[in-house]
Structure formats: structure tokens, C-alpha cells
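What follows is one structure encoded as C-alpha cells, with my remarks underneath.
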Amino acid sequence: MNALPTVNLVEIFSAIQGEGLNVGTRQIFIRFAGCDLRCHFCDSAHTWTPKSSCQIERTPGCRDFVRYSNPVTLAQILAWVQDQDQSGIHDSISLTGGEPLLQVAFLQELLPLLKQQTSLPIYLETGGHHPGPLEQLLPDLDSVGMDLKLPSVSGETHWLQHRQCLELCYQANVEVFCKLIVGEQTDWTDLVTAVQLVAEISPTMAIFLQPVTPLSAQHPVQPPTPDQVLAWQGNLKQICQQIRVVPQTHKFLGQL
């Protein structure tokens with residue numbers, strides 16, 4: 001007899017999306033534990049490795065969290081999402097992490113059930129470096145946000161995998177946008193490489209330059225100056241027209 005599928009969660013909660021194409025919209029966030037990257041700018045290092053418990057918000061947006069033991073089941077997640085969605089205030093469900101694509105087997109079972117239970121679109125936040133798992137999930141995804149890794153800022157290099165993931169989304173006609181975290185030490189050649197990669201697949205795809213938000217003065221990655229950001233945007237728009245600058249607005253709103 002097969003064991004019931006389970007997964008390690010960090011949390012489920014309701015909040016305002018602070019990044020990318022969905023900025024300002026209300027989402028139910030399902031945050032999965034586990035990440036195979038170690039980006040220098042990461043503000044979610046607590047998601048890198050699974051923990052013994054997760055926190056689940058009882059009332060949408062009220063931060064009245066209750067802790068439950070990990071791992072959790074499909075039935076538990078579906079029930080928690082149903083509790084969040086009762087008020088009808090949400091625009092979509094966000095699968096985030098960590099790196100959700102590490103949980104592809106579980107998500108293959110969860111996503112069709114979520115679609116049956118709720119009419120909310122399903123949005124995946126990913127580092128865009130696991131094309132195989134992404135391809136398996138695309139039939140059940142409505143949109144994808146890819147955090148393309150600039151080596152000079154993140155310490156990670158995954159250009160080939162980024163290209164493969166973008167091509168898969170484009171071929172599947174799934175809405176996709178890219179996010180580039182930028183800091184004061186960002187290498188211009190990294191930015192050009194990333195934007196050219198996107199432009200070769202779709203010159204109209206939206207690309208968001210997101211200045212890093214340091215957690216302290218000792219944070220290893222500090223934000224760029226306004227002059228840097230303006231110069232980058234102006235020059236990159238010669239390659240790809242949809243270059244937008246949006247900071248992490250949820251941090252300004254206290255939606256952490």
C-alpha cells in the first residue's frame with residue numbers, strides 16, 4: 001500500500017504580493033521548505049532546510065498563526081487553503097519557498113485538487129533552474145515568475161536552465177515574467193546576458209529590476225544607487241522594452 005503523499009511546509013498565509021507582475025494583488029501564499037540555492041541576497045534563509053513544524057494562518061491577513069507538525073498531507077493543505085479563501089478577497093494562489101519545484105511529485109497531486117476546489121489562478125515563484133519539474137507542472141499553472149540569478153549578485157550561475165525554463169513557459173503559452181535582483185556590485189555584463197536571453201525568447205516579456213532590500217547594514221548585498229538603477233533601465237530598454245523597476249513593496253507595507 002502506497003503511503004499518503006506529504007510535504008514539508010514553512011507556512012500558509014494571506015498577504016499582498018510585493019514583487020513582480022502581481023504586485024499589489026492579494027494572494028494565498030503556500031510556502032514550501034527546501035532550497036538548493038544559496039543566494040547571497042536571500043531574505044528567506046529559514047526556508048532552505050525543512051523544519052519540524054510549519055505555521056498556518058487561521059484568519060486571512062490577521063497573522064493569527066497556529067503551528068502544526070511537518071510533514072503535512074494533501075488533505076491538510078486543501079483544508080487550510082479553503083479556510084483562507086472563504087472571504088473571496090484573493091486574486092490568486094502563490095506557490096513559493098524555498099524552491100517549490102523541488103516538491104514536483106507532491107505538486108503534481110496537489111495542483112489539480114486546488115483547481116477543483118478553488119477558482120483562483122495558480123502562480124509559481126521559482127528560481128527558474130529546474131526545467132524538468134517545471135515542464136511537468138505547466139499544465140496546472142496559470143503564471144510563473146522567475147527569479148533569474150545574476151552571478152555577481154547571487155553567487156549562482158544557471159543561464160542554460162533559465163533559458164530552458166523560459167522556453168518551456170513560452171511554448172506552453174503560460175504567462176511568465178522575470179525578476180532580476182540588483183545590488184550595488186551588479187556586473188553590467190550579467191544584466192545584458194539576462195536581458196538578451198529573455199529578448200531572444202520573447203522581446204515583449206516583462207523584466208523587473210528589483211533593488212535588494214538589505215536586512216541590516218551588515219547584509220552582504222547592499223542596494224544600488226538611484227543613478228545606477230536609472231542608467232541600467234535606460235540602457236537595457238534598448239534590448240527589451242518591458243524593463244520595470246519595482247522594489248520589494250511588501251516590506252514597506254509590513255507584509256512580511
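What you are looking at is a predicted structure, and each value in this text was computed from that prediction instead of being measured.
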Test item: T59 side-chain N/O and C62 main-chain N/O as donor-acceptor pair under 3.5 Å: no
Hydrophobic cluster membership, L141 vs I28, 4.5 Å side-chain cutoff: yes
Nearest-0.5 Å distance, CD of residue Q161 to NE2 of residue H129: 8.5 Å
Criterion side chain to side chain donor-acceptor pair (under 3.5 Å) on T225 and D227, from CA distance to verdict: CA-CA 5 Å; T225 66; D227 287 345; 5.3 Å; no
Reported CZ-to-CG distance for the pair R31 and L95, which is rounded to 0.5 angstrom: 11.5 Å
Straight-line distance of T6 OG1 to I77 CD1, nearest 0.5 Å: 9.5 Å
Test item: L120 and D85 side chains (from C-beta on) under 4.5 Å apart, heavy atoms: yes
Whether F177 and F208 hold their rings parallel, tilted or perpendicular, with breakpoints at 30° and 60°: perpendicular
Spatial distance of atom CG (N8) from atom CG (L102) [nearest 0.5 Å]: 12.0 Å
hydrophobic_cluster_shared for I16 and I89, side chain cutoff 4.5 Å: no
Pairing of K149 and D190 as salt bridge, 4.0 angstrom limit: no
Cluster overlap L168 with I122, hydrophobic side-chain contacts below 4.5 Å: yes
Check: E99/T126 side-chain N/O donor and acceptor closer than 3.5 Å: yes
Non-hydrogen side-chain atoms of P133 and Q103 separated by less than 4.5 Å: no
Whether F13 and F65 hold their rings parallel, tilted or perpendicular, with breakpoints at 30° and 60°: perpendicular
Co-membership, hydrophobic cluster, residues I56 and V10, 4.5 Å side-chain: no
Among R26, E57, Q27, the one residue meeting side-chain hydrogen bond (donor to acceptor under 3.5 Å, both in side chains) with S14: R26
Stepwise side-chain contact (heavy atoms from CB on, under 4.5 Å) test for Y170 and L166: CA-CA 6 Å; Y170 187 72; L166 287 172; over 6 Å; no
From CA spacing to verdict: side chain to side chain donor-acceptor pair (under 3.5 Å), Q242, R244: CA-CA 6 Å; Q242 294 293 325; R244 310 178 193 179; 3.0 Å; yes
Trace of the side-chain contact (heavy atoms from CB on, under 4.5 Å) decision for C54 with V72: CA-CA 9 Å; C54 59; V72 301; 3.9 Å; yes
Flag side-chain contact, heavy atom, 4.5 Å: K115 against Q117: no
Close side-chain approach of I93 and Y123, heavy atoms under 4.5 Å: no
CA sep, side-chain torsions, deciding dist, call: L114, I30, side-chain contact (heavy atoms from CB on, under 4.5 Å): CA-CA 12 Å; L114 278 178; I30 306 176; 4.2 Å; yes
Where C42 and W48 come nearest, the two heavy atoms and their spacing: SG-NE1, 3.5 Å
Distance-minimising heavy-atom pair for G128 and M146: CA-SD, 4.1 Å
Derivation of the side-chain contact (heavy atoms from CB on, under 4.5 Å) call for H162 and C178: CA-CA 10 Å; H162 291 333; C178 294; over 6 Å; no
Carboxylate-amine/guanidinium contact R38 E156, below 4.0 Å: no
Test item: L180 and V195 side chains (from C-beta on) under 4.5 Å apart, heavy atoms: yes
Closest non-hydrogen atom pair, P50 against A33: CA-CB, 3.9 Å
Minimum heavy-atom distance G183-V212, with the two atoms named: CA-CG1, 4.2 Å
Check: Q238 side chain, G234 main-chain N or O, donor-acceptor pair, under 3.5 Å: yes
CD-OG1 distance between E11 and T47, expressed to the nearest 0.5 angstrom: 9.5 Å
Shortest non-hydrogen contact from P203 toward C240: O-SG, 3.3 Å
Other residues, nucleotides, ligands: >12 heavy atoms within 6.0 Å of E135 CD: no
Rounded distance (nearest 0.5 Å) linking atom CZ of R58 with atom CG of D64: 5.0 Å
hydrophobic_cluster_shared for M205 and L138, side chain cutoff 4.5 Å: yes
Main-chain N/O of T186 paired with S152 side-chain donor or acceptor, under 3.5 Å: no
L236 vs I207 side-chain heavy atoms within contact, under 4.5 Å: no
L124 and P100, any side-chain heavy atoms less than 4.5 Å apart: yes
Backbone of A231 reached by a side-chain donor or acceptor of N235 within 3.5 Å: yes
For the student: nearest non-hydrogen atoms of F41 and S154, plus distance: CE2-CB, 3.5 Å
Worked verdict on S52 versus N70 for side chain to side chain donor-acceptor pair (under 3.5 Å): CA-CA 5 Å; S52 61; N70 270 321; over 6 Å; no
Q233 side chain vs I243 backbone, donor-acceptor pair below 3.5 Å: yes
Heavy-atom check, side chain of P151 versus side chain of D187, under 4.5 Å: no
K179 with E125: basic N within carboxylate O range, under 4.0 Å: no
